[in-house]
Asker: 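Have a look at the structure that comes next, please.
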Amino acid sequence: QQQVKQSPQSLIVQKGGIPIINCAYENTAFDYFPWYQQFPGKGPALLIAIRPDVSEKKEGRFTISFNKSAKQFSLHIMDSQPGDSATYFCAASMEWGAQKLVFGQGTRLTINP
Amino acid sequence: NAGVTQTPKFQVLKTGQSMTLQCAQDMNHEYMSWYRQDPGMGLRLIHYSVGAGITDQGEVPNGYNVSRSTTEDFPLRLLSAAPSQTSVYFCASSYSKRTGNNEQFFGPGTRLTVL
């Protein structure tokens with residue numbers, strides 16, 4: 001049972017483009033939605049996170065859009081760079097159960113120069 | 001701070017062998033967790049702990065044991081390794097009482113192969 005579904009599995013974008021990665025969740029008790037970035041051979045690192053009381057959050061070139069009624073959230077990367085090439089994971093948890101994250105399947109993003 | 005450290009980085013086991021994956025953190029975090037990462041499946045929670053002496057099961061606990069005798073350490077034991085346990089294992093820690101920050105930090109991972 002996959003509680004968080006992520007798409008696409010892989011994505012190739014030209015430098016400067018805006019890759020968009022989508023996630024959908026089932027459990028309405030989730031109220032903490034982080035995105036993680038993982039480079040080869042490394043552990044995931046927190047990129048940006050949102051709670052469902054807001055519909056959008058921006059940090060630098062990274063934006064999360066959140067649609068509570070549709071139970072969907074997405075990551076947008078503005079002005080993408082080759083250094084953004086990595087695997088991205090969405091996740092969800094109940095607020096103070098943030099140590100009990102449920103992850104999406106991951107998206108391998110490639111930014112071509 | 002070293003953050004979250006894991007040893008070993010790589011390990012090859014034969015079916016039926018046992019071993020312990022080590023995890024330590026120096027951030028005074030209350031919570032620690034173990035995940036496994038398999039291709040196309042993201043990360044799945046194996047076991048977690050909300051403090052010394054307190055552990056609980058995650059999504060895929062079978063074949064693994066944990067204990068938390070100190071705040072800093074959270075070892076993961078494979079009791080009798082099986083090929084299905086071939087995976088990359090990540091330890092994570094979170095929650096500082098001092099700052100209230102609940103961000104989860106991950107270690108660099110242990111790549112385990114069971115033959």
Side-chain angles (χ1 to χ4, degrees), chain A residues 1-11 21-27 30-51 57 59 62 64 73 75 86-109, chain B residues 2-7 9-10 21 23 25 27 29-51 54-61 66 68 71 74 87-97 100-111:
Chain A
Q1 178 185 356
Q2 188 70 38
Q3 293 193 61
V4 178
K5 295 184 179 179
Q6 183 173 346
S7 62
Q9 283 190 340
S10 63
L11 185 58
I21 304 171
N22 300 298
C23 285
Y25 64 97
E26 299 171 3
N27 188 343
F30 289 150
D31 64 357
Y32 173 70
F33 302 91
W35 284 89
Y36 283 82
Q37 180 188 55
Q38 183 181 32
F39 293 105
K42 304 292 186 184
L46 180 66
L47 193 59
I48 185 174
I50 197 168
R51 293 214 156 89
K57 183 175 181 180
E59 284 187 6
F62 301 92
I64 299 179
F73 58 110
L75 176 71
T87 299
Y88 291 81
F89 292 96
C90 63
S93 77
M94 291 172 277
E95 181 175 351
W96 285 106
Q99 76 279 12
K100 293 175 64 178
L101 290 168
V102 178
F103 282 84
Q105 299 93 324
T107 296
R108 179 171 291 186
L109 174 65
Chain B
V4 180
T5 57
Q6 292 182 237
T7 56
K9 283 187 167 47
F10 302 94
L21 308 185
C23 175
Q25 54 92 10
M27 296 176 282
H29 283 167
E30 296 295 311
Y31 303 156
M32 296 186 75
S33 306
W34 276 103
Y35 294 85
R36 60 177 288 173
Q37 183 176 18
D38 302 292
M41 301 190 73
L43 286 84
R44 292 180 292 167
L45 182 65
I46 303 171
H47 286 285
Y48 66 98
S49 168
V50 298
I54 306 169
T55 64
D56 205 347
Q57 296 181 351
E59 181 185 353
V60 288
V66 292
R68 184 111 177 262
T71 303
F74 192 42
S87 188
V88 181
Y89 291 85
F90 289 100
C91 179
S93 73
S94 64
Y95 187 51
S96 165
K97 279 184 179 175
N101 187 345
N102 206 19
E103 176 183 346
Q104 189 155 160
F105 291 85
F106 284 81
T110 294
R111 185 175 293 274

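Lettering follows sequence order; numbering is per chain, from 1. All values derive from a computational prediction rather than experimental measurement. Just so it is clear, the values below take in all heavy atoms, side chains as well, and ignore hydrogens, waters and symmetry mates.
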Asker: Are the side chains of A:Tyr36 and B:Gln104 in contact, using a 4.5 Å heavy-atom criterion?
Answerer: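 When only atoms from C-beta onward are counted, A:Tyr36 and B:Gln104 do touch, with a gap below 4.5 Å.
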Asker: Quick check on the interface: out of A:Gly106, A:Pro44, A:Ala49, A:Ala45, who has the most heavy-atom pairs with chain B under 4.5 Å?
Answerer: A:Pro44
Asker: CG of A:Leu46 to OG of B:Ser94: how many Å apart, nearest 0.5 Å?
Answerer: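 Between A:Leu46 CG and B:Ser94 OG, I get 11.0 Å after rounding to 0.5 Å.
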Asker: The criterion is salt bridge (Lys or Arg N to Asp or Glu O under 4.0 Å); which residues satisfy it with A:Lys57, sequence neighbours excluded?
Answerer: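 For A:Lys57, the residues satisfying salt bridge (Lys or Arg N to Asp or Glu O under 4.0 Å) (neighbours in sequence not counted) are A:Glu59.
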Asker: Let me know if A:Gln6 has heavy atoms under 4.5 Å from chain B in its side chain, its backbone, both or neither.
Answerer: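 For A:Gln6, neither part sits under 4.5 Å from chain B.
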Asker: What part of B:Gln37 gets closer than 4.5 Å to chain A, counting heavy atoms only: side chain, backbone, both or neither?
Answerer: side chain
Asker: Any idea which of B:Val4, B:Leu43, B:Asp56, B:Leu45 has the most non-hydrogen atom pairs under 4.5 angstrom with chain A?
Answerer: B:Leu43
Asker: If a pair satisfies salt bridge (charged side-chain N to carboxylate O under 4.0 Å, His left out) and one of its residues is in residues 37-48 of chain B, list it, with sequence neighbours excluded.
Answerer: B:Arg36-B:Asp38, B:Asp38-B:Arg44
Asker: How close do A:Gly43 and B:Phe90 get, heavy atom to heavy atom, and via which atoms?
Answerer: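 So the minimum-distance heavy-atom pair works out to CA-CE2, 3.3 Å.
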Asker: Would you mind checking which part of B:Val88 comes under 4.5 Å of any heavy atom in chain A, side chain (CB onward), backbone (N, CA, C, O), both or neither?
Answerer: neither
